[in-house]
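Each remark here refers to the structure printed beneath this line.
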2 protein chains.
Amino acid sequence: MKRRDFLSTAALGSAAGVLATPALAQARPNVSWRLTSSYPKSLETLYGISDHVARRVAEITDGGFQIQPFAAGELVPPLQALDAVSEGTVECAHTLGSYNIGKDPTWAFDTSLPFGMNTRQNTAWLLYGGGLELVNEFIARANVRSIPSGNTGAQMGGWYRKQINSVADLNGLKLRIAGLGGEILSRLGVVPQQIGGGDIYAALERGTIDAAEFSGPYDDEKLGFQRVAPYYYYPGWWEGTANVGLYINLDAWGALPAPYQAALEAACTEAMTHCVAKYDNGNPDALMRLVSSGAQLQAFPDDVLTAAFAESRKLYAEYAEANENFRKIYEHWSVYWTRQQQWLRVAELPYDYFTSAQIGR
Amino acid sequence: MKRRDFLSTAALGSAAGVLATPALAQARPNVSWRLTSSYPKSLETLYGISDHVARRVAEITDGGFQIQPFAAGELVPPLQALDAVSEGTVECAHTLGSYNIGKDPTWAFDTSLPFGMNTRQNTAWLLYGGGLELVNEFIARANVRSIPSGNTGAQMGGWYRKQINSVADLNGLKLRIAGLGGEILSRLGVVPQQIGGGDIYAALERGTIDAAEFSGPYDDEKLGFQRVAPYYYYPGWWEGTANVGLYINLDAWGALPAPYQAALEAACTEAMTHCVAKYDNGNPDALMRLVSSGAQLQAFPDDVLTAAFAESRKLYAEYAEANENFRKIYEHWSVYWTRQQQWLRVAELPYDYFTSAQIGR
């Protein structure tokens, strides 16, 4: 018998007078939430975090806390997920803060910044470095809070019809890219293009655009870009990590009993770890299949990376100068970034560098 | 009113006859477990995963599922934690599978192997690559199962009184080290030493031993080794990751209601992610403080890493030849390791390598 069945039965029966229903109802009420995702079900790893969180909280609470996930567009268009949470149309959403940089670039900090921290570094910043407090303090203006809930890890740099051999080759390049990466590249001559996921292939095939970035091998494989834009560049420096938050309406959060808040936090962190693990598990084989079917792996030239890095820091300095919200978090983030890079060069990076060079030995 | 208070009150009152107690008792019984940790409270990050899991399951289950953690030695000596779970003295333990390689080297796979996968790769192998199924199939012989629950990330290579400039300098070196790393180094001339954590400092100071490995900067800082063995080597190739499992007695697991199993799994994964984040947050500043107080950072010479890598693979081949348990998991692990390194060299490693080189730019 389910907990909620018991409650409704008991309320009708002779036990009703004995049951301390107010206290019990506070502890284990039936709560139903709706969750809108910014991702379609075809991106099953990113969409999967919504199923993961919904299933887990239902299991843990023995069905008391039900979250119904909706794919992008079922209730709300993908880029309006945050607004829907903010306005209370839904209680929560899996989306990227960085989709909202048109309102204020400060929204990017919950997701990632180009040439920012990697996934582990960013998670440390959010959970223990004080990052999530700063982010939640800022986004409270939209009546939401965020819990880290999914991540792709470092992405690829996208698909190109022609090779990029130097910064000069970026001039006039029509690249499908959004966000801060597009802003930085536009300063190096790229003409950023906004095209929905379903229209990219045809635009590349016709040559309407020259290149498109999407995600990593496991997601990219679904789109078949290697057939029309074979040069597959790395690394995706504009998304060295990409934290998908569960954005929660603050009123809904405040009304949630403490055990359900705890269940939701644990389920989100678990979903994030599983999401990264699922990408890490799927990307290697997907990459091999892409290469077998025509993808040509290319590293971005050093001068492209160096110029893009310099532009990224100029852009952040401009934002910080003009925007007090951005400045406050950026100063904290920058100090943390530097310390993290210093440590990375001592333990993880030399280990990864040496070990990965031993393939076949 | 707490859920368990309600249950005991109801059982005594007039409602008792109406309550469908068997089904309800199955859904939300009071369960009390004891957890023995292999770590002292002074290693608050590793010991902290036990507090984290205990607090989280209690919060989520509204006090129905209580886990009482005990530090190393309070109930059980640190290296006998697994036996205590196996025999049912306690329901569960936070410990390393690799402490049990004296029984069978196959136990190492749940923790890590020298020059094995890094933390994200290993987590992907365990959670999505089939690794945890293989591990749990093997360790079921001890009537236990494991849930990944904590990790240090890549560790350091330890503290040395003299510099190590080549493989020749390993000859006769008395290094405090255990496990497979010690076995590999003994083949290169090192004389591994077994010394309890509290006795290392005095042994280094007197010169009874020449060097000692322990953990990473955040934990090492507590021990003050830089005052007596200032050369601080990296990377700790014998522990490029170190998964701390929650080892659970199979009978206790089988008796746990499904919602409590779900709560425990979510809490363990959350604790693991928090443990890594806490180390990643604490290590950079600890490293700076260590360097300020006399630690001299040194990279292991390439010939040491290359010789040690070759010996590691010879050792694994010998184990696989002699031990069917080891062979079965090693073959799976090796294929996975290679695929992971191929992908690492494309996205994460170039990103980390370039980005971390931009400090100060």
Side-chain angles (χ1 to χ4, degrees), chain A residues 1 3 6 13-15 18 20 23-24 27 56 59-60 62 115 118 120-121 123-124 127-129 154 156 234-235 237 240 259 262-263 266-267 269-270 273-274 276-278 280-281 283-284 287 299 305 309 338-352 354-356 358-359, chain B residues 1 3 6 13-15 18 20 23-24 27 56 59-60 62 115 118 120-121 123-124 127-129 154 156 234-235 237 240 259 262-263 266-267 269-270 273-274 276-278 280-281 283-284 287 299 305 309 338-352 354-356 358-359:
Chain A
M1 191 173 79
R3 176 89 192 105
F6 161 69
S14 63
V18 174
L24 187 68
R56 222 23 158 181
E59 284 175 351
I60 292 174
D62 204 18
F115 294 114
N118 69 20
R120 271 179 53 185
Q121 295 172 327
T123 302
L127 297 183
Y128 283 89
M156 292 291 286
Y234 65 84
W237 50 263
T269 309
E270 187 188 38
T273 303
H274 275 253
V276 173
K278 197 171 173 186
D280 286 346
N281 181 65
N283 277 325
L287 181 71
L305 293 177
F309 182 87
T338 300
R339 285 299 174 96
Q340 285 293 325
Q341 305 306 339
Q342 287 166 332
W343 163 237
L344 182 65
R345 293 182 72 80
V346 172
E348 294 286 344
L349 189 58
Y351 183 77
D352 286 350
F354 177 83
T355 304
S356 66
Q358 309 308 307
I359 298 168
Chain B
M1 190 175 74
R3 177 87 190 106
F6 161 68
S14 63
V18 174
L24 188 67
R56 222 22 158 181
E59 284 175 352
I60 292 174
D62 205 16
F115 294 115
N118 69 20
R120 269 179 53 184
Q121 295 172 328
T123 302
L127 297 183
Y128 284 89
M156 292 291 285
Y234 65 84
W237 50 262
T269 308
E270 188 189 38
T273 303
H274 275 253
V276 173
K278 197 170 172 188
D280 286 346
N281 181 64
N283 277 325
L287 182 70
L305 293 177
F309 182 85
T338 299
R339 284 298 173 96
Q340 286 293 325
Q341 305 308 337
Q342 288 167 332
W343 163 236
L344 182 65
R345 293 182 71 81
V346 173
E348 294 285 344
L349 189 58
Y351 184 77
D352 286 350
F354 177 84
T355 305
S356 67
Q358 309 308 308
I359 299 168

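Heavy atoms only: backbone and side chains are in, while hydrogens, waters and symmetry mates are out. Treat the numbers as computed from the prediction; the structure is a model and nothing was measured. Order of the sequence lines sets the chain letters (A, B, ...), proteins ahead of strands, with each chain counted from 1.
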Which of A:Ala277, A:Ala267, A:Ala263 touches chain B most, by non-hydrogen pairs under 4.5 Å = A:Ala277
query = Just wondering, do B:Phe354 and A:Pro235 contact through their side chains at under 4.5 Å, heavy atoms?
reply = no
request  = Go through the side-chain N and O atoms of B:Thr269 and A:Thr273 and say whether any donor and acceptor fall under 3.5 Å apart.
outcome  = no
ask   = Does any heavy atom of chain B fall under 4.5 Å from the side chain of A:Phe309, the backbone, both, or neither of them?
value = side chain
ask   = Are side-chain heavy atoms of B:Glu348 and A:Asp352 found at a separation under 4.5 Å?
value = no
key: Spacing of CG belonging to A:Asn281 relative to CD belonging to B:Gln340, to within rounding of 0.5 Å   = 7.0 Å
request  = Would you mind telling me which of A:Leu127, A:Val346, A:Thr123 has the largest number of heavy-atom pairs within less than 4.5 Å of chain B?
outcome  = A:Val346
query = In Å, rounded to the nearest 0.5 Å, how long is the span from CD of A:Gln342 to CG of B:Asn283?
reply = 13.0 Å
note = In short, A:His274 meets B:Tyr128 closest at the heavy-atom pair ND1-OH, 3.0 Å
request  = Looking only at non-hydrogen atoms, find the nearest pair between B:Ala154 and A:Trp343 and report the distance.
outcome  = O-CZ2, 4.2 Å
ask   = Mind checking what makes side chain to side chain contact (heavy atoms under 4.5 Å, CB included) contact with B:Glu59, not counting sequence neighbours?
value = A:Ala262, B:Arg55, B:Arg56
query = Between B:Ile359 and chain A, which part of the residue has a heavy atom less than 4.5 Å away: side chain, backbone, both or neither?
reply = both
query = Ignoring hydrogens and geometry, is there a side-chain-to-backbone donor-acceptor pair from A:Gln121 to B:Asp280 under 3.5 Å?
reply = no
query = About how many Å separate OG1 of B:Thr338 and CD of A:Gln358, when rounded to the nearest 0.5 Å?
reply = 11.5 Å
inquiry  = If you compare all heavy atoms of B:Arg339 against all heavy atoms of A:Pro284, which two are closest, and at what distance to 0.1 Å?
reply    = O-CB, 3.5 Å
query = Does B:Tyr351 have any ring pair (Phe, Tyr, Trp, His ring centres under 6.0 Å) partners at least two apart in sequence or in another chain, and if so, which?
reply = none
key: Per-residue contact mode, A:Leu344 against chain B (heavy atom under 4.5 angstrom)   = side chain
